[in-house]
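In what follows, a single structure is set out as structure tokens and then discussed.
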Amino acid sequence: MAREVDAASLLAQGELSERSRAAVIGFGSSEKPGQSPVREACPLTTADTAGRQRLSDCVRELSRRDPARMGPGTDFPAAVRQAVDRLTEKADPAVPKVVFLLTDGRLDVGDSPEYGTDRSSRQANGQKRLADELARARREEVQIWPLGFGSGIDRAALTGMAEGGYRGGCADLPSATPRMRVVADSAGIDKALQETFAAARCASVSDGDRGRPPGDLHVTIPPIATDGTITVSKHDPKVTVTYYDPQGRKVPTQGPFDGSTFELSGQDGPVEALRVKNPLPGRWRAHVEAPEGHRDREVAVRAIWQGRLRSTVTLDPASPRPGEKTVVEVRMQTRRGVVVTDPAQLAGIKVTARLAGDGFAPVDVPLADDGRAPDREAADVRFTGTVTVPAGATGALRLTTLMAAPGVTSDQRPLHARTSSGTPPVTAGLTLDRGTVHPGGSVGGTLAVTNNDSAPHTLRLALADQADGAALRVEPATVTVGPGRRENVRVTLTVGADSPLGDIGGQVAVVDTGDGDRALDTAFVDVRVDAPPTWWETWRIAVLGAAVAVLVVGTVVALRLKARARRRDLTGMVLELRGDGRHLGELTVRAGQTQGGAFHFTADRVRGTTPDIQRATTGAPGAHALRRTGSGELRLRPHRGREQPVRPGEPAGLDDGLELVVHDRAAGRATDRDALRTAPGRPPAADHAAAGGTWRDRVPFARGTGGGSGRDAADGTGRGARPWSRPAAVAAVVGGWDPHF
């Protein structure tokens with residue numbers, strides 16, 4: 001019984017139209033005096049915001065059954081009779097009438113005296129009366145949708161009730177025809193009822209998440225939806241819900257927000273619903289919370305939605321003659337004027353048209369979107385067909401489009417036209433380009449006009465069915481063509497600067513102002529509006545190209561500077577000081593000692609001492625400078641004297657009779673090392689030099705002439721083997737390995 005109450009609340013809250021009316025009736029049986037088989041818990045109530053709240057409150061009265069007022073049986077005839085009575089009171093014949101019958105068993109009137117004094121015949125009498133009530137429902141065009149759950153369900157009886165009532169649905173679709181449904185258990189009754197309700201109302205259901213609070217539950221509303229209701233089956237009124245749109249924004253519970261209108265009801269009942277007009281398509285979020293002790297029930301979220309589409313129609317020719325074949329083309333757009341271009345959104349749709357008018361009986365027009373002539377392209381959601389205007393047509397024509405699809409209804413607005421006779425004085429053909437523009441952009445088109453008359457004609461280009469906010473503008477607005485003239489006029493269609501994004505609908509009609517605005521031709525607007533590009537999107541290629549160019553140039557410059565610095569670097573150079581042809585000292589340039597591309601040193605000759613070479617700071621008194629140019633040339637600037645080029649291994653004068661010999665290890669290391677390794681009879685001193693000895697360790701090679709220190713000889717034994725000459729000693733120095741390299 002608690003589940004039945006929840007289900008009835010769900011029905012009341014899920015209704016999409018605020019003009020609908022709903023009543024909730026409980027039923028049992030009448031077996032004793034004072035008992036009634038039915039109890040009207042909620043009278044017929046308009047399902048606006050306040051009405052849905054009243055329905056949510058009063059339906060909870062069904063949770064208690066008073067044995068003094070209602071028996072435990074199941075009196076279907078009384079329940080159907082009461083429902084039909086309420087639905088037919090002051091009813092509009094055009095408004096659908098639907099009964100959802102929630103039952104947990106079979107017909108049971110065996111203890112009800114009103115079905116006869118003989119207990120054995122009461123059930124049969126009950127069946128006969130049920131058939132009578134169903135026949136009345138059929139006459140009154142009331143649908144019966146039985147929903148059975150519990151044990152001992154009589155499927156045949158439920159099917160009989162569904163088929164006994166009115167069989168016409170909200171659309172010519174199998175899903176809209178009443179049928180019974182059995183729920184496996186009471187836990188699934190809300191889902192089953194919502195799906196049944198959606199089928200009866202030509203709506204669709206999007207199932208969402210289920211879970212216990214606290215947490216986030218999601219449900220998706222498709223782009224085609226123009227009306228929707230997000231229902232939350234929470235079972236416990238203590239559960240609270242906050243709603244967020246697909247952009248993550250918290251939406252209001254009442255009033256407008258970003259083009260949509262919101263109404264929340266049922267917060268204090270087992271089911272609450274947020275009705276949304278023109279919902280933003282995408283994934284909606286319902287955040288559910290509950291206090292401690294109220295978090296044990298599972299909460300479910302779903303969306304019931306409907307696409308209320310309007311059709312736009314063109315005729316070619318726009319004013320056909322009686323007996324002439326004309327092409328009918330139909331496409332659909334939403335309430336906002338957005339064109340439906342995705343065939344998946346209209347799966348299972350059936351589109352037909354009916355031509356009516358003066359002087360002939362209505363003619364049905366089959367339409368298809370299969371790519372077969374006259375349809376130009378399959379699955380482009382443009383339905384095309386042909387119809388021959390009856391020969392008896394005398395004037396006005398009315399073409400009405402009928403479409404049926406799950407979750408979709410149409411407005412059935414007719415296209416008004418009229419027939420023409422004889423040779424038309426003016427003919428026109430309008431073509432509009434397809435294109436994608438940004439707000440404020442435009443597309444072109446061509447108007448070809450032929451004036452067969454002896455007088456000028458002024459044609460007007462009229463816009464119709466344009467999208468809300470698109471603010472379309474067509475130029476020129478009028479075209480005047482002289483007698484006997486044929487002209488091709490370029491047409492420009494401009495979209496408003498604040499136009500909504502997406503495929504925008506509408507059509508342009510060419511009418512002859514001198515002939516009662518008779519339509520000469522019509523063309524669909526086929527424009528998609530995209531968001532204007534961001535600064536990054538506009539300049540991305542240029543910025544990336546410039547960045548690459550800067551990177552390349554920067555890399556080249558950096559490599560050149562690095563190469564230049566490397567060429568100018570003196571690290572590893574050995575400066576040998578000589579006097580009178582003798583070695584006086586040496587100085588190795590270490591890393592970081594080159595300043596401004598130059599190495600500064602002093603070579604002082606102090607009386608009574610041997611001249612020595614020392615590193616000096618920039619600008620020090622008596623400092624010499626050795627530098628290397630970017631091309632790799634060595635240049636020496638003595639303390640006194642002009643700068644001069646220096647060749648490695650060759651002496652250059654300083655002052656006071658001193659000379660400088662520069663040894664460039666970087667240039668000659670490999671060659672001299674190989675020479676040392678392959679020299680026959682290489683002395684241990686040479687090995688020592690190759691292994692990293694200092695200049696002074698190698699000096700005896702340069703001095704020795706065949707005896708003396710014991711390291712002069714080639715074999716290092718002092719036995720007077722092959723002497724090392726000065727060039728050989730220099731070669732050993734150049735090839736020596738410096739640990740600072």
Side-chain angles (χ1 to χ4, degrees), residues 1-15 21-45 47 51-89 97-112 114-115 126 129-130 133-134 137 142-154 157-158 161 165 180-181 183 186 189-190 192-194 196-197 200 233 235 237 266 269-271:
M1 192 56 139
R3 285 293 188 179
E4 284 185 335
V5 171
D6 287 358
S9 298
L10 187 65
L11 183 151
Q13 296 300 327
E15 171 54 35
R21 297 185 302 163
V24 180
I25 300 168
F27 69 98
S29 62
S30 174
E31 301 174 356
K32 300 177 182 178
Q35 290 183 338
S36 172
V38 295
R39 177 188 175 196
E40 195 165 289
C42 303
L44 207 59
T45 304
R52 286 191 295 161
Q53 187 61 54
R54 287 194 296 272
L55 289 167
S56 180
D57 294 338
C58 67
V59 74
R60 280 178 281 180
E61 297 180 12
L62 289 175
S63 59
R64 299 182 305 276
R65 176 177 289 185
D66 185 353
R69 299 176 59 185
M70 183 177 292
T74 309
D75 191 341
F76 291 140
V80 173
R81 180 175 62 251
Q82 182 77 5
V84 173
D85 285 345
R86 288 293 172 262
L87 293 178
T88 55
E89 286 180 359
K97 295 176 282 291
V98 183
V99 173
F100 297 99
L101 184 65
L102 280 64
T103 175
D104 61 354
R106 312 181 182 202
L107 175 69
D108 181 8
V109 292
D111 294 327
S112 298
E114 65 176 286
Y115 287 96
R129 188 175 299 180
L130 176 59
E133 297 298 341
L134 291 174
V142 177
Q143 295 180 338
I144 309 293
W145 292 76
L147 191 68
F149 61 95
S151 58
I153 295 175
D154 188 338
L158 296 181
M161 284 189 281
M180 75 91 179
R181 179 163 186 165
V183 184
S186 62
I189 189 173
D190 54 349
L193 178 62
Q194 227 166 9
T196 303
F197 171 75
S233 300
H235 311 295
V271 177

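No experiment lies behind these values; they were computed from the predicted model shown.
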(message) For a quick test of reading the model, state the closest non-hydrogen atom pair linking W145 to T196 and the distance between them.
(response) CE3-CG2, 3.5 Å
(message) Please find the pair of heavy atoms, one from P146 and one from M161, that lie closest to each other, and give the distance.
(response) CG-CB, 4.1 Å
(request) Give the minimum heavy-atom separation between G26 and M70, together with the two atoms involved. (result) O-CE, 4.0 Å
(request) Using side chain to side chain donor-acceptor pair (under 3.5 Å) as the criterion, list what pairs up with Q35, not counting sequence neighbours. (result) none
(message) Could you work out, with side chain to side chain donor-acceptor pair (under 3.5 Å) as the rule, every residue matching S29, not counting sequence neighbours?
(response) E31
(message) Test of understanding: with salt bridge (charged side-chain N to carboxylate O under 4.0 Å, His left out), list the residues that count as partners of D57, not counting sequence neighbours.
(response) R60
(request) With sequence neighbours excluded, tell me which residues meet side chain to side chain donor-acceptor pair (under 3.5 Å) with E114. (result) R129
(request) Search all heavy atoms of V84 against all heavy atoms of T88 and return the closest pair with its distance. (result) O-OG1, 2.7 Å
(request) Output all residues satisfying side-chain contact (heavy atoms from CB on, under 4.5 Å) with A23, sequence neighbours left out; order by chain, then residue number. (result) L44
(request) Would you give the length of the straight line joining atom CZ of R81 to atom CG of L134, rounded to the nearest 0.5 angstrom? (result) 12.0 Å
(request) Evaluate the side chain to side chain contact (heavy atoms under 4.5 Å, CB included) criterion for residues V99 and V80: first the C-alpha distance (whole Å), next the side-chain angles of each, then the deciding distance (0.1 Å), finally the verdict. (result) CA-CA 8 Å; V99 173; V80 173; 5.9 Å; no
(message) If you define the side chain from C-beta out and look only at heavy atoms, does anything of D154 sit under 4.5 Å from L107?
(response) no
(request) Measure the CD-SG distance between Q53 and C58 for me, rounded to the nearest 0.5 Å. (result) 10.5 Å
(request) State the CG-CZ distance between L193 and F100, to the nearest 0.5 angstrom. (result) 6.5 Å
(message) Minimum heavy-atom separation for A200 and V98, please, with both atom names.
(response) CB-CG1, 4.0 Å
(message) Looking at every heavy atom in both G165 and I144, which two are closest together, and how far apart are they?
(response) CA-CG1, 4.1 Å
(request) Apply side-chain contact (heavy atoms from CB on, under 4.5 Å) to P43 and list each qualifying residue two or more places apart in sequence or on a separate chain. (result) E40, T45
(request) Kindly compute the distance separating CG (D66) from OG (S36), expressed to the nearest 0.5 Å. (result) 12.0 Å
(message) Applying side-chain contact (heavy atoms from CB on, under 4.5 Å), can you list everything that pairs with A22, at least two apart in sequence or on another chain?
(response) L55
(message) Tell me every residue that passes side chain to side chain donor-acceptor pair (under 3.5 Å) with R106, counting only those two or more places apart in sequence or in another chain.
(response) none
(request) Tell me, please, which residues at least two apart from R69 pass salt bridge (charged side-chain N to carboxylate O under 4.0 Å, His left out). (result) none
(request) Go through the structure and list residues passing ring-ring contact (aromatic ring centres under 6.0 Å, His included) with Y115, not counting sequence neighbours. (result) none
(request) Check step by step if side chain to side chain contact (heavy atoms under 4.5 Å, CB included) holds for F197 and L147. (result) CA-CA 10 Å; F197 171 75; L147 191 68; over 6 Å; no
